[in-house]
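Have a look at the structure below before the remarks.
Read the numbers this way: they start at 1 and go in the same order the structure lists the ligands and their atoms. Worth knowing before you read on, the calculation uses all heavy atoms, side chains too, and leaves out hydrogens, waters and symmetry mates.
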Amino acid sequence: MSLPASVTVVEVGPRDGLQNLGQVLSTADKVGYIGLLAASGLTAIEVTSFVSPKAVPQLADAAETVAGIRSLPITPIALIPNLKGAKSAVAAGVRALNFVISVSASHNRSNVNRTREESLAELAEIVDLAGKVPGVRVRASLATAFGCPFEGPVPIAAVVRWVGAVARLGITEVTLADSVGFGNPELVRQVLLACRERFPGLIYGVHLHDTRGLGIANALMAMQCGVTVLDAAAGGLGGCPFAPGATGNIATEDLVFLCEEMGVKTGVDLTRLFEASRFLQSTLSGVSLPSRVFQAGPPKPRGPISG
Ligand code: COA
Ligand code: ZN
């Protein structure tokens with residue numbers, strides 16, 4: 001069994017974690033929350049999404065949120081569903097764009113009201129835009145890559161095909177997303193191997209929801225397959241409002257605990273991360289964060305294993 005020496009944990013709590021809540025955090029609280037996440041050592045943080053405020057009112061203050069975190073030593077990432085979102089994100093000062101497109105036609109329709117081909121055509125325009133603004137990077141997140149809430153199983157060949165479609169536009173970073181937790185470690189292995197075999201030059205990441213309790217097992221398998229970019233949400237919040245049955249992401253606390261206990265460096269201080277989750281829990285009313293590691297409290301320092 002081999003594991004990477006280190007991984008990049010992409011914190012998606014401020015976007016995925018907040019988009020599905022029945023309450024809206026104030027911009028000041030979002031800025032405070034992102035500051036605490038940054039203080040834990042997280043450097044890649046998806047801070048918001050530039051989407052229709054009618055679709056996701058929880059993140060309607062995207063530009064204000066980005067303005068509020070400008071001084072933090074992080075790479076702010078923004079999710080975008082279309083060219084309009086890309087333009088707004090870039091105008092707000094974001095340089096790392098995360099374009100979402102679903103492998104399944106029905107989820108793409110439900111999520112962004114487009115065919116996959118229309119989304120792809122829009123991605124081509126976004127890549128053009130990115131080429132004109134220094135420093136702008138676009139990665140593609142392929143939603144429903146391990147199963148779709150409307151269509152059920154998603155063929156591995158379809159995942160490979162859509163990875164190819166975005167790669168042909170010049171995308172080099174691809175995140176395979178398990179939007180409603182249908183994945184299992186064997187499926188994760190097969191999908192990653194199939195994609196890597198066909199498109200070995202890409203940087204693959206995973207975005208895993210823990211809907212059926214296999215999120216952390218899937219993350220471990222992804223790392224064993226060589227993945228070093230993993231999304232996670234502090235406290236384990238999250239879920240796509242346009243995917244029936246969606247629940248939280250793998251919790252950043254749980255992922256960091258898994259990694260650090262197994263010798264995989266994350267650069268994240270778990271005790272500081274708890275402060276971010278405690279802040280969020282005290283700010284939200286009636287929400288209990290599902291992270292198992294957060295619920296258990298800070299781990300005691302490990303003693304020597306042997307000798
Ligand atoms: N940011 C802000 N507003 C946007 C926008 C964006 N990226 N894209 C479109 N809009 C606005 C339009 O200006 C228009 O506003 P108006 O009604 O005041 O004139 C309205 O939204 C409808 O525009 P249209 O282009 O017809 O979009 P649509 O109704 O087909 O919706 C999306 C398409 C992509 C904008 C919408 O489905 C969406 O925002 N989805 C969000 C998906 C998401 O966040 N999912 C969770 C994460 S995976
Ligand atoms: Zn998600």
In one Ile/Leu/Val/Met/Phe/Trp/Tyr side-chain cluster, 4.5 Å: Ile74, Leu59:
yes
Under a single-linkage definition using a 4.5 Å side-chain heavy-atom cutoff for Ile, Leu, Val, Met, Phe, Trp and Tyr, are Val154 and Leu214 assigned to the same hydrophobic cluster?
no
Beyond-backbone contact of Lys265 with Glu260, side-chain heavy atoms, under 4.5 angstrom:
yes
Enumerate the residue pairs fulfilling side-chain hydrogen bond (donor to acceptor under 3.5 Å, both in side chains) with a member in residues 22-31, sequence neighbours excluded, ordered by first and then second residue.
Gln23-Ser285, Ser26-Asp29, Thr27-Asp61, Lys30-Asp61
Metal environment of the Zn ion (ligand 2), protein N/O/S under 2.8 Å:
Asp16 OD2, His207 NE2, His209 NE2
Smallest heavy-atom separation, Val180 atom then Ala246 atom, equals CG1-CA, 3.8 Å
Measuring from atom CZ of Phe274 to atom OG1 of Thr252, what distance do you get when rounded to the nearest 0.5 angstrom?
11.0 Å
Pairs under 3.5 Å, nitrogen or oxygen of ligand 1 with protein nitrogen or oxygen:
{"residue": "ligand 1", "atom": "1 (N)", "partner": "Val51", "partner atom": "O", "Å": "3.2"}
{"residue": "ligand 1", "atom": "7 (N)", "partner": "Phe50", "partner atom": "O", "Å": "3.0"}
{"residue": "ligand 1", "atom": "7 (N)", "partner": "Asn82", "partner atom": "OD1", "Å": "2.9"}
{"residue": "ligand 1", "atom": "7 (N)", "partner": "Gly85", "partner atom": "N", "Å": "3.2"}
{"residue": "ligand 1", "atom": "8 (N)", "partner": "Asn82", "partner atom": "ND2", "Å": "2.9"}
{"residue": "ligand 1", "atom": "17 (O)", "partner": "Lys54", "partner atom": "NZ", "Å": "2.6"}
{"residue": "ligand 1", "atom": "18 (O)", "partner": "Lys54", "partner atom": "NZ", "Å": "3.4"}
{"residue": "ligand 1", "atom": "30 (O)", "partner": "Asn113", "partner atom": "ND2", "Å": "2.7"}
{"residue": "ligand 1", "atom": "37 (O)", "partner": "Asn111", "partner atom": "O", "Å": "3.3"}
{"residue": "ligand 1", "atom": "39 (O)", "partner": "Ser52", "partner atom": "N", "Å": "2.8"}
{"residue": "ligand 1", "atom": "40 (N)", "partner": "Asn111", "partner atom": "O", "Å": "3.1"}
{"residue": "ligand 1", "atom": "45 (N)", "partner": "Asn111", "partner atom": "OD1", "Å": "2.7"}

List the steps, then state whether side chain to side chain donor-acceptor pair (under 3.5 Å) holds for Asn108 with Ser119.
CA-CA 8 Å; Asn108 207 59; Ser119 281; 3.0 Å; yes
Could you please spell out the steps behind the side chain to side chain donor-acceptor pair (under 3.5 Å) verdict for Ser179 and Thr144?
CA-CA 5 Å; Ser179 312; Thr144 63; 5.4 Å; no
Keeping to residues at least two apart or across chains, list the side-chain hydrogen bond (donor to acceptor under 3.5 Å, both in side chains) pairs with something in residues 86-96.
none
